[in-house]
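Data first, discussion second: the structure below is written as structure tokens.
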Amino acid sequence: MFIAQELRKTNIAEYLLYMWQIEDTIRAFGCSLSRIKREYVERFDYTDEQKEDEVDWFGNLIRMMNEEGCREQGHLQINKVTLQTLAELHAQLLASPKFPFYNTAYYKVLPFIVELRNRGARKEENEVETCMNALYGVMMLRLQQKEITPNTQHAVKEISTFIGMLSDYYKKDREEGLKFE
């Protein structure tokens with residue numbers, strides 16, 4: 001919860017990747033709040049009050065996962081909305097002549113997006129989701145200490161730069177408001 005709160009303020013893409021990891025963590029513990037409390041939250045160097053807050057947060061996430069039917073797979077609605085907000089901002093940035101560097105970054109990653117989609121990415125997912133799924137997939141490979149090819153490393157570096165730029169614009173839009181015209 002504390003990490004999520006901070007990431008939501010500072011980097012929306014990292015927040016989303018973190019929340020996807022939390023969804024998977026909940027699944028890894030069988031959606032059991034008592035196991036999460038005992039085997040996960042207790043390992044953190046938090047005060048008793050912070051641990052209770054963290055357990056409450058996990059409890060709410062588990063409840064939402066149950067209600068939204070994503071115990072086995074998929075994402076919580078709150079995460080889907082965040083992703084959709086990023087996709088909408090992406091479209092606005094591309095449509096505006098005021099953001100040429102963003103357009104350049106987009107066209108630099110577009111071949112990777114096309115390749116990912118040709119390799120089996122869901123056709124209905126938007127381009128931002130394709131990029132986020134690629135970043136999450138590589139993050140999981142790294143956690144599993146699996147090999148990542150040089151081509152994949154290059155693609156992920158470019159995608160990370162692009163998504164980082166989108167996150168920066170998201171933060172700026174939230175704090176100051178972007179002018180698209």
Side-chain angles (χ1 to χ4, degrees), residues 1-90 113 116 120-122 124-146 148 152-153 155-157 159-171 173-175:
M1 175 183 82
F2 303 108
I3 294 169
Q5 288 173 336
E6 188 58 32
L7 286 174
R8 187 158 181 86
K9 288 183 226 164
T10 58
N11 187 315
I12 197 67
E14 287 182 12
Y15 163 80
L16 201 50
L17 292 172
Y18 178 77
M19 289 303 296
W20 287 359
Q21 188 176 15
I22 290 295
E23 291 169 342
D24 283 343
T25 299
I26 289 169
R27 291 181 188 112
F29 285 102
C31 296
S32 167
L33 186 58
S34 61
R35 279 191 64 205
I36 290 170
K37 180 180 180 180
R38 183 177 65 250
E39 299 172 36
Y40 187 73
V41 175
E42 285 300 322
R43 298 185 326 189
F44 293 106
D45 187 26
Y46 289 158
T47 66
D48 288 344
E49 185 179 334
Q50 287 173 317
K51 286 179 182 177
E52 283 305 311
D53 288 344
E54 191 83 356
V55 169
D56 288 346
W57 182 67
F58 273 102
N60 286 328
L61 292 175
I62 291 169
R63 180 186 48 75
M64 288 188 287
M65 287 173 78
N66 286 327
E67 289 172 358
E68 296 174 20
C70 57
R71 278 179 66 101
E72 308 285 324
Q73 64 182 12
H75 298 299
L76 288 166
Q77 195 61 37
I78 56 172
N79 296 331
K80 289 178 184 178
V81 168
T82 300
L83 186 62
Q84 185 58 39
T85 302
L86 280 175
E88 290 167 5
L89 177 61
H90 165 69
I113 294 169
L116 287 165
R122 293 186 338 266
E124 70 274 5
E125 73 184 25
N126 63 58
E127 293 169 326
V128 174
E129 186 175 2
T130 299
C131 291
M132 294 297 292
N133 281 330
L135 295 176
Y136 188 74
V138 169
M139 185 175 86
M140 291 294 103
L141 289 174
R142 286 186 177 134
L143 286 173
Q144 297 166 21
Q145 298 180 339
K146 293 191 176 173
I148 300 163
T152 301
Q153 289 177 16
V156 165
K157 183 176 184 279
I159 290 169
S160 294
T161 300
F162 168 67
I163 292 295
M165 188 179 289
L166 178 59
S167 290
D168 290 345
Y169 279 123
Y170 176 90
K171 184 178 180 191
D173 191 40
R174 292 289 179 260
E175 292 173 354

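All values below come from the heavy atoms of this structure, side chains included, with hydrogens, waters and symmetry mates left out.
Taking the six-membered ring for Trp and thresholds of 30 and 60 degrees, Trp57 and Tyr18 have nearly parallel ring planes, at less than 30 degrees apart.
For Asn66 (side chain) and Ile62 (main-chain N/O), a donor-acceptor pair under 3.5 Å exists by modelled atom type.
More than 12 heavy atoms of other shown residues, nucleotides or ligands fall within 6.0 angstrom of atom NZ in Lys51. Summarising the local packing, CD of Gln144 is surrounded by more than 12 heavy atoms from other residues, nucleotides or ligands at distances under 6.0 Å. The local environment of CD in Glu175 is crowded, with over 12 non-hydrogen atoms from other residues, nucleotides or ligands closer than 6.0 Å.
Side-chain atoms of His75 and Met19, non-hydrogen and from C-beta on, never get closer than 4.5 Å to each other.
The line from CD of Glu23 to CG of Leu76 is 4.5 Å long, rounded to the nearest 0.5 Å.
Across every non-hydrogen atom of Leu83 and Trp20, the tightest pair is CD2-CZ2, 4.3 Å. The shortest non-hydrogen separation linking Thr47 to Gln50 is N-OE1, 2.9 Å. Across Met132 and Ile163, no two heavy atoms sit closer than the pair SD-CG2, 3.8 Å.
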Worked check of side chain to side chain contact (heavy atoms under 4.5 Å, CB included) between Leu16 and Ile12: CA-CA 6 Å; Leu16 201 50; Ile12 197 67; 5.8 Å; no
Can Asp168 and Lys171 be said to form a salt bridge (Lys or Arg N to Asp or Glu O under 4.0 Å), step by step? CA-CA 5 Å; Asp168 290 345; Lys171 184 178 180 191; over 6 Å; no
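Between Phe44 and Phe2, the ring centre distance reaches or exceeds 6.0 Å. Taking the centre of each ring, Tyr40 and Phe58 come in below the 6.0 Å mark.
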